[in-house]
Structures are given as structure tokens and as C-alpha cells.
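Take a look at the structure set out below.
Read the numbers this way: they start at 1 and go in the same order the structure lists the ligands and their atoms.
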Amino acid sequence: MFCPIEAATRRHSKGCAEDLRTKADEKDASRWSGRRDPCFPGDCFAVTAWSGSRAERISRKEGAMFILASASPRRRALLRQIGAQFVSITPAVEERKDGARPRDDVIYNALAKAQKVAEEYPDHAVLGADTAIVLGGKSFGKPRDAEEARHILSLLEGRQHTVLTGIAWVKNGHAVTDAAETAVRFAPMSQAEIDAYVATGEPMGKAGAYAVQGRAAIYIEEIHGSFSNIVGLPLHAVTALARTAGIVMEADDASL
Ligand SMILES: Cc1cn([C@H]2C[C@H](O)[C@@H](COP(=O)(O)OP(=O)(O)OP(=O)(O)O)O2)c(=O)[nH]c1=O
């Protein structure tokens with residue numbers, strides 16, 4: 001069952017729920033009242049009633065069942081892989097990476113991304129996600145530049161780390177959240193191998209400075225857990241969470 005967004009946020013971040021609430025309040029205070037009913041199974045919808053220029057692009061995609069709040073081509077590819085019908089909108093969100101509680105951070109960021117888009121499209125289901133890797137209690141996101149990519153890879157090589165992806169569905173002012181964890185063991189890499197890999201450009205835009213679905217695959221010795229989680233969207237968790245919230249991801253989905 002959906003929780004009110006502010007409650008879901010508060011669970012994962014002391015003080016941050018108020019930040020989101022304040023922004024939303026500034027935009028449209030009335031949106032937060034009268035939207036406290038849970039979303040019942042079968043309460044699905046097609047994304048059809050749009051207005052404005054960005055919405056025109058969206059409305060051409062008939063049958064979209066939800067909005068992916070993401071700029072990530074990997075997340076889009078994963079959802080297409082399972083036949084989900086969606087449109088994507090890039091949210092402008094400042095991501096939180098304080099490192100002390102990485103699981104809370106990825107859930108908070110996923111919720112912030114979904115909530116940002118839901119502010120604009122409050123009647124539609126919105127999916128947000130955030131991926132980080134954790135090694136020795138320290139969390140790493142996307143590298144700023146090649147130097148940082150080399151540094152992160154020099155820490156990962158020859159060791160096991162955890163990939164965490166937070167996910168959040170938001171609809172009608174309510175949210176459900178979860179996070180998936182995958183253990184990944186890197187083979188030892190020489191400095192020359194790290195330099196050559198970074199020179200391909202592949203690490204940029206990827207949490208942990210590598211792409212398991214790309215050239216980095218030759219350095220991945222072991223994976224325990226969801227593969228799609230490493231690539232940015234744990235498909236089992238995403239669909240299971242959607243089901244609990246009564247969100248349908250494709251038009252002819254009869255699983256509810
Ligand atoms: C570890 C790993 C991450 N990644 C990617 C998935 C995500 O796109 C990215 C993690 O960064 P995120 O900040 O989670 O996502 P993003 O900035 O790409 O997209 P958005 O915030 O708009 O949703 O790293 C891979 O593609 N392969 C991998 O092996």
C-alpha cells in the first residue's frame with residue numbers, strides 16, 4: 001500500500017521530508033490535501049491527458065502507463081526489455097550523498113526524482129531510481145572526471161563491493177520505496193588496465209566508474225544478486241513494488 005510521500009520520505013531522511021514538502025507547498029499547497037487514499041489494485045491509467053510542448057512529445061506515445069523520472073538510457077533499455085510502456089522525463093534534482101547511510105541515500109534520491117516529476121504530473125504513476133556503489137562503508141556515485149574514475153577503479157580492483165539501487169513509485173501523492181543490493185567482485189586490474197579502461201570513456205556517467213554491461217564485464221569475477229540492479233534498475237523489485245501499489249506497467253498486464 002502507498003504511504004503519503006512525506007511519510008515515506010521521512011522514514012529515509014531526517015529533515016528531508018520537510019525540504020520536499022516546502023518545495024511542493026510553494027508550488028501548489030492544495031495538491032497535498034485530499035490525496036491520502038491508498039491506490040487500489042487495478043487503479044491503473046493511460047497517460048493521455050497532457051498539455052504543453054513537452055507533453056505533446058509524450059502524448060504521441062500512446063498507451064504509456066507510467067513516467068520514468070530519469071535521464072538514464074540504461075534504465076530505459078531495461079524497462080523496454082520487459083515490455084513496459086512508459087515515457088521518460090529528466091528530473092532536476094540535487095542528489096544527496098552523505099555516505100553515512102547509503103541505502104537511505106539511494107532511496108531518498110529515488111523518491112526525490114520521482115516526486116519532482118510527480119509534482120508536475122500528480123495524477124500519473126512515476127518511477128524514480130538511484131544507484132550507488134559501496135565499498136568499506138564509503139559510497140561512490142558517478143565519477144566527476146577521468147582522474148576520479150581511475151581512483152575509484154583502483155579501490156574496486158581485486159575486491160568485492162556492493163551495488164545499491166533505490167527505487168520509488170509515486171502516484172496520487174503516495175509513495176512506495178525499496179532498495180536492492182548486489183555483491184560484485186572485481187578481478188585484480190593493473191594500472192595499465194585501469195588507464196586503458198578509463199580511456200574508453202565508458203566509466204563516465206556510471207556509478208562506481210564501470211559498466212558491467214560493457215567492457216568492464218571482463219573484470220567481473222562474481223555477481224551475487226540482481227544483474228539489472230547493477231545496470232541501474234532492479235527489475236524484479238521494481239515490478240514487485242508496482243504490483244503492491246496497484247500500478248500496471250504495460251497495457252495488457254493481467255498479473256494484478
Ligand atoms: C555500476 C553500474 C552503473 N551503471 C549506471 C546506471 C545509472 O544510469 C548510473 C547511476 O547513476 P544515477 O545517478 O543512479 O542515475 P543517472 O544519473 O544515470 O540517471 P537519473 O538520475 O536521471 O535517473 O550508473 C551502469 O550502467 N552499469 C553499471 O555497471
For ligand 1, which of its N or O atoms have a protein N or O partner closer than 3.5 Å, and how long is each gap?
from: ligand 1; atom 1: 8 (O); to: S72; atom 2: OG; distance (Å): 2.9
from: ligand 1; atom 1: 8 (O); to: R74; atom 2: NH2; distance (Å): 3.2
from: ligand 1; atom 1: 13 (O); to: E95; atom 2: OE2; distance (Å): 3.3
from: ligand 1; atom 1: 13 (O); to: D130; atom 2: OD1; distance (Å): 3.4
from: ligand 1; atom 1: 13 (O); to: K142; atom 2: NZ; distance (Å): 3.3
from: ligand 1; atom 1: 14 (O); to: R75; atom 2: NH2; distance (Å): 2.8
from: ligand 1; atom 1: 14 (O); to: D130; atom 2: OD1; distance (Å): 3.4
from: ligand 1; atom 1: 14 (O); to: T131; atom 2: N; distance (Å): 2.8
from: ligand 1; atom 1: 15 (O); to: R75; atom 2: NH1; distance (Å): 2.9
from: ligand 1; atom 1: 17 (O); to: K142; atom 2: NZ; distance (Å): 2.3
from: ligand 1; atom 1: 19 (O); to: R75; atom 2: NH1; distance (Å): 3.3
from: ligand 1; atom 1: 21 (O); to: K113; atom 2: NZ; distance (Å): 2.6
from: ligand 1; atom 1: 22 (O); to: A71; atom 2: N; distance (Å): 2.7
from: ligand 1; atom 1: 23 (O); to: S70; atom 2: OG; distance (Å): 2.6
from: ligand 1; atom 1: 23 (O); to: R75; atom 2: NH1; distance (Å): 2.6
from: ligand 1; atom 1: 24 (O); to: A207; atom 2: N; distance (Å): 3.0
from: ligand 1; atom 1: 26 (O); to: R74; atom 2: NE; distance (Å): 3.4
from: ligand 1; atom 1: 26 (O); to: Q213; atom 2: NE2; distance (Å): 2.8
from: ligand 1; atom 1: 27 (N); to: Q213; atom 2: OE1; distance (Å): 2.9
from: ligand 1; atom 1: 29 (O); to: Y210; atom 2: O; distance (Å): 3.4
from: ligand 1; atom 1: 29 (O); to: V212; atom 2: N; distance (Å): 2.7

Check whether E95 reaches the backbone of N109 with its side chain - one donor and one acceptor, N or O, closer than 3.5 Å. no

Pairing residues for E202 by the side-chain hydrogen bond (donor to acceptor under 3.5 Å, both in side chains) criterion, not counting sequence neighbours: Y197

For residues 225-241, please give each side-chain donor-acceptor pair under 3.5 Å, one per line with the distance, not counting sequence neighbours.
from: S226; atom 1: OG; to: S228; atom 2: N; distance (Å): 3.4
from: S226; atom 1: OG; to: S228; atom 2: OG; distance (Å): 3.2
from: S226; atom 1: OG; to: N229; atom 2: N; distance (Å): 3.0
from: S228; atom 1: OG; to: L233; atom 2: O; distance (Å): 3.2
from: S228; atom 1: OG; to: L235; atom 2: N; distance (Å): 3.0
from: N229; atom 1: OD1; to: T165; atom 2: N; distance (Å): 3.4
from: N229; atom 1: OD1; to: T165; atom 2: OG1; distance (Å): 2.8
from: N229; atom 1: ND2; to: V163; atom 2: O; distance (Å): 3.2
from: N229; atom 1: ND2; to: A180; atom 2: O; distance (Å): 3.3
from: N229; atom 1: ND2; to: T182; atom 2: OG1; distance (Å): 2.8
from: T239; atom 1: OG1; to: L235; atom 2: O; distance (Å): 2.9
from: T239; atom 1: OG1; to: H236; atom 2: O; distance (Å): 3.0

Which pairs count as side chain to side chain donor-acceptor pair (under 3.5 Å) when at least one residue sits in residues 137-149, sequence neighbours excluded? none

Just checking Y210 against F186, ring centres under 6.0 Å apart? yes

I89 side, atom CD1; H124 side, atom NE2 - distance, nearest 0.5 Å: 9.0 Å

